[in-house]
Q: 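Below you'll find the structure I mean.
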Amino acid sequence: MASDAAERAAVLVLSRDLLASDSATEVLRRECAEDHLASPPAIRAVRIGGPEEQASAEVRARLGAAPGQTVAYRHVRLMCGGHIMSDADNWYLPRRLTAAMNRALDQTQVPFGVAVRPLGFHRRTIGVETPSNGKSPLIHRAILVDAAGTPFSYVVERYTREALALTPRR
């Protein structure tokens with residue numbers, strides 16, 4: 001980014017777009033298409049190896065997970081072509097998804113929002129951070145709920161400066 005002011009403006013635009021949408025993947029896909037970053041303009045979820053992070057008591061409570069209920073974890077980078085748009089941690093309840101959704105999440109690079117689209121989900125943002133230092137100038141925390149309002153996913157999304165550079169100045 002050319003300046004701190006330009007970066008702050010881009011953070012505000014991207015955050016506003018994310019808050020106005022139920023799908024972060026769709027927001028990033030639109031940016032990918034507008035900037036012709038890949039053909040076709042698709043977002044893929046590239047898994048990041050490492051130890052699986054167990055769901056905290058707060059995450060379990062926000063998901064309404066019963067004692068002993070499995071909470072799955074997926075750590076990915078959302079990419080458009082060779083561009084890293086975000087790094088995301090996602091804890092979710094596999095029993096609230098279909099077998100096909102779970103298979104797609106386990107075996108493909110499909111983004112979470114694309115895999116669970118048939119649930120008619122809505123995004124409820126529970127926190128936005130704009131750290132002044134570090135590699136992620138924008139962090140969103142959200143719960144995804146199905147059409148009936150039942151939570152099934154808790155996500156922490158750390159957006160990159162590369163994603164900000166692509167954000168149109170609207």
Q: Using the side-chain contact (heavy atoms from CB on, under 4.5 Å) rule, take Arg8 and Asp4 through it: C-alpha gap first, then chi angles, then the decisive distance, then the call.
A: CA-CA 6 Å; Arg8 282 193 301 277; Asp4 288 344; 3.4 Å; yes
Q: Given Leu97 and Leu119, is the side-chain contact (heavy atoms from CB on, under 4.5 Å) satisfied, shown in steps?
A: CA-CA 8 Å; Leu97 308 181; Leu119 296 177; 3.6 Å; yes
Q: Are Asn90 and Val76 side-chain neighbours, meaning at least one heavy-atom pair lies under 4.5 Å?
A: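 No, their side chains stay 4.5 Å or more apart.
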Q: Count I, L, V, M, F, W, Y as connected when their side-chain heavy atoms are under 4.5 Å apart, and connections chain through other members. Are Met101 and Val110 then in the same cluster?
A: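 Different hydrophobic clusters.
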Q: Roughly how far apart are Ile126 CD1 and His140 NE2, rounded to 0.5 Å?
A: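 Taking CD1 in Ile126 and NE2 in His140, the distance rounds to 11.5 Å.
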Q: Going by the angle between their ring planes, with limits at 30° and 60°, are Trp91 and Tyr154 parallel, tilted or perpendicular?
A: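 If you compare the ring of Trp91 with that of Tyr154, the planes turn out tilted.
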Q: Report yes if some heavy atom in the side chain of Val128 is under 4.5 Å from a heavy atom in the side chain of Leu138; otherwise report no.
A: yes
Q: Could you state the interatomic distance from CG (Leu144) to CG (Asp22), rounded to the nearest 0.5 Å?
A: 8.5 Å
Q: Mind listing the closest non-hydrogen atom pair of Arg60 and Ala66 along with its distance?
A: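 Reported closest heavy-atom pair: NH2-O, 2.8 Å.
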Q: Using the rule given for side-chain contact (heavy atoms from CB on, under 4.5 Å), can you reason through Leu14 versus Glu31, listing the C-alpha separation, both sets of side-chain angles and the distance that settles it, and then say yes or no?
A: CA-CA 10 Å; Leu14 180 57; Glu31 286 191 12; 3.4 Å; yes
Q: With a 4.5 Å limit on heavy-atom distance, are the side chains of Val114 and Arg117 in contact?
A: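 They are in contact (side-chain heavy atoms under 4.5 Å apart), so the answer is yes.
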Q: If you compare all heavy atoms of Gly113 against all heavy atoms of Phe121, which two are closest, and at what distance to 0.1 Å?
A: O-CE2, 3.4 Å
Q: How would you list, by chain and number, every residue that makes a side-chain hydrogen bond (donor to acceptor under 3.5 Å, both in side chains) with Asp87, sequence neighbours excluded?
A: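 Result, side-chain hydrogen bond (donor to acceptor under 3.5 Å, both in side chains) vs Asp87: His75, Arg158.
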Q: Could you grab the distance from atom CD1 of Ile43 to atom NE2 of His83, nearest 0.5 Å is fine?
A: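 It is 10.5 Å, given to the nearest 0.5 Å.
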Q: Nearest 0.5 Å, please: how far is OH in Tyr73 from CD in Glu52?
A: 8.0 Å
Q: When rounded to the nearest 0.5 angstrom, what is the spacing between CZ in Arg30 and OG1 in Thr25?
A: 11.0 Å
Q: With a 4.5 Å cut-off on side-chain heavy-atom distances among I, L, V, M, F, W and Y, is there a chain of contacts connecting Tyr159 to Leu19?
A: yes
Q: If only atom types and distance count, is the side chain of Glu162 paired as donor or acceptor with the main-chain N or O of Ile84 below 3.5 Å?
A: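 Pair found, side chain donor or acceptor close to backbone of Ile84.
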Q: Taking the side chain from Arg161 and the backbone from Pro137, do they hold a donor-acceptor pair closer than 3.5 Å?
A: no
Q: Report yes if the side chains of Leu28 and Cys80 come closer than 4.5 Å at any heavy-atom pair, otherwise no.
A: no
Q: Under 3.5 Å, side chain of Ser21 to main-chain N/O of Ala24, donor-acceptor pair present?
A: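 Here the side-chain-to-backbone pair does not exist.
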Q: Any non-hydrogen side-chain atom of Thr150 less than 4.5 Å from a side-chain atom of Val145?
A: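 They are not in side-chain contact.
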Q: Assess whether a salt bridge exists between Arg62 and Glu58, defined as any Lys/Arg side-chain N lying under 4.0 Å from an Asp/Glu carboxylate O.
A: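 Yes.
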Q: Of all heavy-atom pairs between Phe152 and Leu63, which one has the smallest distance, and what is that distance?
A: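 Looks like C-CD2, 3.6 Å.
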Q: Taking the side chain as every heavy atom from C-beta outward, state whether Thr160 and Lys135 have any atom pair closer than 4.5 Å.
A: no
Q: Is there a side-chain contact between Leu105 and Phe112, using heavy atoms and a 4.5 Å cut-off?
A: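 A side-chain contact exists here, since the closest heavy-atom pair is under 4.5 Å.
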Q: Show the nearest heavy-atom pair for residues Arg74 and Thr108, with the distance to one decimal.
A: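 So the two residues come closest at NH2-O, 3.5 Å.
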Q: For a 4.5 angstrom cut-off between non-hydrogen side-chain atoms, does Thr70 reach Arg95?
A: no
Q: Show the nearest heavy-atom pair for residues Val155 and Ala88, with the distance to one decimal.
A: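 For Val155 versus Ala88, the nearest heavy atoms are CG2-CB, 4.4 Å.
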Q: If you take all heavy atoms of Gly81 and Arg44, which pair is closest and at what distance?
A: O-NH1, 2.8 Å
Q: Test salt bridge (Lys or Arg N to Asp or Glu O under 4.0 Å) on Glu26 and Arg123; report intermediate values, then the result.
A: CA-CA 12 Å; Glu26 183 55 27; Arg123 179 183 174 96; over 6 Å; no
Q: Are the side chain of Asn102 and the backbone N or O of Pro94 linked by a donor-acceptor pair below 3.5 Å?
A: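 The answer is yes, because a donor-acceptor pair under 3.5 Å joins these two groups.
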Q: Count the heavy atoms of every other residue, nucleotide or ligand shown that sit under 6.0 Å from CZ of Arg124, and state whether that count exceeds 12.
A: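 Not more than 12 within 6.0 Å, no.
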Q: Test of understanding: clusters of I, L, V, M, F, W, Y form through side-chain heavy atoms closer than 4.5 Å, transitively. Do Val156 and Val71 belong to the same one?
A: yes
Q: Going from OG on Ser86 to CE on Met79, what distance comes out if it is rounded to the nearest 0.5 angstrom?
A: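 Spacing of OG (Ser86) from CE (Met79) equals 10.5 Å.
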